[in-house]
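Right, one structure below, let's go through it.
In listed order, ligands and their atoms are each counted from 1.
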Amino acid sequence: MNNAVVKIPEAYNEPIKEYLPASTETKRLKGELNRQLSLTVEIPVIINGERIKTGKTDVVQCPHDHGHVLATYHNASEVHVKKAISSALEAKRKWELMPWNQRAAIFLKAADLISQKYSSRLNAATMLGQSKNVFQAEIDATCELVDFLRYNVKFMEDIYRNQPLSEKGIWNRMEYRALEGFVFALTPFNFTAIAGNLCSAPALMGNSVVWKPSSAALLSGYYLMEIFMEAGLPDGVINFIPGNGAMISDIVLNHRDLAGIHFTGSTAVFNSLWEKIGENISKYRSYPAIVGETGGKDYIFMHPSANTNQVVTAAIRGAFEYQGQKCSACSRMYIPESRWGEFKKTLVSEMQTIQMGSVMEFKNFVNAVIDEPSFARICGYIKRAQKADGVEVLTGGTFDDSKGYFVDPTVLVVKDPEYETMTREIFGPVLSIYVYPDEQLDQTLDLVDKTSEYALTGGVFASDRQAIADMETRLSNSAGNFYINDKPTGAVVGRQPFGGARGSGTNDKAGSLMNLLRWVSPRTIKENFVPPEDYQYPFMGE
Ligand code: NAD
């Protein structure tokens with residue numbers, strides 16, 4: 001047996017490729033995009049390493065061209081969900097006993113496969129299947145995913161190294177056991193990296209996983225599952241079961257051996273999962289770990305001392321990159337009256353330069369929203385705004401789903417700071433602005449804090465240091481990721497651990513050691529080298 005005290009390779013953030021027009025990486029990616037467009041992939045359910053074609057199929061379309069079918073996928077039925085759970089429980093016996101450095105090697109290998117061999121494949125699948133432009137795909141499906149895999153290994157080592165103090169004659173140790181049972185990973189459509197992290201983080205810590213991917217991100221999800229298998233993940237450690245979320249959750253959350261759920265998605269779905277766990281609480285062997293990162297209503301607050309160009313740039317990138325479909329997307333802004341004229345002019349002129357269209361044309365900053373229900377929901381907000389008193393449509397306001405689900409980046413200026421687009425998560429390219437009287441700065445900061453049920457991300461812009469210090473304190477609970485003179489999106493693994501409280505989730509900080517701690521159940525071991533042989537204490541000698 002190899003008894004070395006191993007040192008894992010140093011973690012580092014994956015460099016972002018630029019995809020300049022004639023570069024090798026651009027040529028390679030374009031070739032891969034065309035290759036994927038020429039295929040109709042068949043996506044099976046994968047249980048215990050076995051690819052199962054259930055015969056109950058649906059299709060994966062390009063959001064920017066919904067007539068184009070990229071893949072057909074097989075839906076899991078009840079019998080497959082039960083099989084996935086039993087296969088996870090069976091695989092866990094060996095998996096949790098595998099030396100941790102061997103587990104680490106599998107995920108480090110997956111990171112390198114993604115960084116090198118499969119970067120184009122995952123980026124292209126994310127572009128075509130989830131409608132991301134090349135840069136958005138690169139920072140997600142390659143960089144963030146690789147970062148999660150590399151840094152999680154480092155965090156695992158940090159956790160295992162954390163040991164209690166010992167004393168003369170006593171050796172205290174801490175064992176970080178995997179949870180007893182299986183973990184359910186339920187993943188969203190909007191980040192390939194999040195899907196990868198939600199299923200792999202618990203697995204890395206010795207757990208086995210039933211993974212229900214989003215039906216709107218299946219192509220990238222399937223390729224990722226194949227990469228994990230190629231990297232050497234033993235059969236059954238992660239089981240991939242596309243299908244109906246409600247049906248799958250009903251079975252999973254009713255199982256005695258449910259040890260935890262790792263969820264990212266909407267607040268409403270997370271609440272329903274938590275309620276179901278509450279109803280079933282007496283059925284479980286242990287209290288399930290409940291980890292959920294959910295919705296946001298993220299803000300930018302402009303102080304009168306801020307720089308206009310910086311705020312406009314943050315607004316456009318923060319609100320409209322990936323069509324506003326980031327949990328961290330800026331969707332409400334507060335601009336001081338004294339700066340409004342200048343801000344408005346710069347914003348409108350910049351907005352006119354934004355190009356929207358297919359992901360195949362790299363000049364497009366904005367692509368399509370994910371699917372028909374999203375398109376309908378976002379357009380509903382825009383149509384109501386167009387009719388509402390006290391709301392001005394400053395830019396955009398148009399939409400077209402004849403070929404793809406396109407919504408023009410839309411800026412609304414609202415008189416009522418509690419208007420629905422200031423308070424509800426829209427999850428689309430709609431930014432609402434409230435112009436506040438400069439003398440009501442304090443009251444407006446209260447509004448920023450109290451307007452929505454969420455507390456995920458927020459950014460303040462100012463050059464006045466006292467104002468920055470005051471805002472940092474005043475807005476302490478308004479966001480789990482708080483930005484000073486920066487947009488509220490784009491958290492980097494290992495640099496800005498991510499998550500928020502209130503309606504935004506359990507704040508277990510993806511991309512940090514705190515998240516991995518949720519997937520272990522520590523056992524304290526005290527060993528006495530010289531146990532006492534007489535029950536009487538010295539004080540009893542009186
Ligand atoms: P969603 O809640 O619709 O879906 C998430 C997952 O749950 C999917 O796999 C889906 O199939 C499944 N699901 C849907 N309905 C279900 C039900 N009734 N029972 C069980 N499972 C069900 O979310 P989405 O549209 O995929 O993602 C967008 C949401 O995710 C937004 O609210 C966004 O803010 C949030 N999000 C949050 C973070 C974060 O870190 N806080 C990151 C990304 C996305």
**Asked** Between R502 and D449, is there a salt bridge with N-O shorter than 4.0 Å?
**Response** yes
**Request:** Run the salt-bridge test on R51 and E42 with the 4.0 Å N-O cut-off and return the result as yes or no.
**Result:** no
**Prompt:** Is K212 close to ligand 1, meaning an N/O of one under 3.5 Å from an N/O of the other?
**Reply:** yes
**Asked** For ligand 1, is any non-hydrogen atom under 4.0 Å from I370's backbone (N, CA, C, O), its side chain (CB onward), both, or neither?
**Response** neither
**Message:** Heavy-atom distances under 4.0 Å decide this one: backbone, side chain, both or neither, for F270 against ligand 1?
**Reply:** neither
**Message:** Is there a polar contact between ligand 1 and F189, counting only N or O atoms under 3.5 Å apart?
**Reply:** yes
**Message:** Out of all atoms in ligand 1, which are within 4.0 Å of some heavy atom of C327? Include the element for each.
**Reply:** 33 (C), 34 (O), 36 (N), 37 (C), 38 (C), 39 (C), 40 (O), 41 (N), 42 (C), 43 (C), 44 (C)
**Prompt:** Are H255 and F182 close enough that their ring centers fall under 6.0 Å?
**Reply:** yes
**Message:** Please work out, at 4.0 Å between heavy atoms, whether the side chain, the backbone, both, or neither of S249 comes within that distance of ligand 1.
**Reply:** side chain
**Item:** Where ligand 1 meets L456 - atom numbers and elements under 4.0 angstrom, heavy-atom basis
**Value:** 41 (N)
**Heavy-atom gap A246 to ligand 1 smaller than 4.0 Å** = yes
**Asked** Has R332 got its NZ or CZ under 6.0 Å from the middle of the six-membered ring of Y434, at an angle within 45 degrees of the ring axis?
**Response** no
**Asked** When you look for heavy atoms under 4.0 Å from ligand 1, do you find them on the side chain of I248, its backbone, both, or neither?
**Response** neither
**Message:** With respect to S272, determine whether any N or O atom, backbone or side chain, lies less than 3.5 Å from an N or O atom of ligand 1.
**Reply:** no
**Request:** Would you indicate which of L186, V269, T264 comes nearest to atom 5 (C) of ligand 1 when only heavy atoms are counted?
**Result:** T264
**Message:** Return the OG1 to CZ distance between T506 and F263, rounded to the nearest 0.5 Å.
**Reply:** 10.5 Å
**Message:** Under a 3.5 Å distance rule, please check whether Q323 uses its side chain to pair with a backbone N or O of P429 as donor and acceptor.
**Reply:** no
**Asked** When you look for heavy atoms under 4.0 Å from ligand 1, do you find them on the side chain of E425, its backbone, both, or neither?
**Response** side chain
**Request:** May I ask whether atom 36 (N) of ligand 1 is less than 4.0 Å from at least one protein heavy atom?
**Result:** yes
**Asked** Any heavy atom of F191 sitting closer than 4.0 Å to ligand 1?
**Response** no
**Complete:** ligand 1 to N190, heavy atom cutoff 4.0 Å, flagged ligand atoms 43 (C), 44 (C)
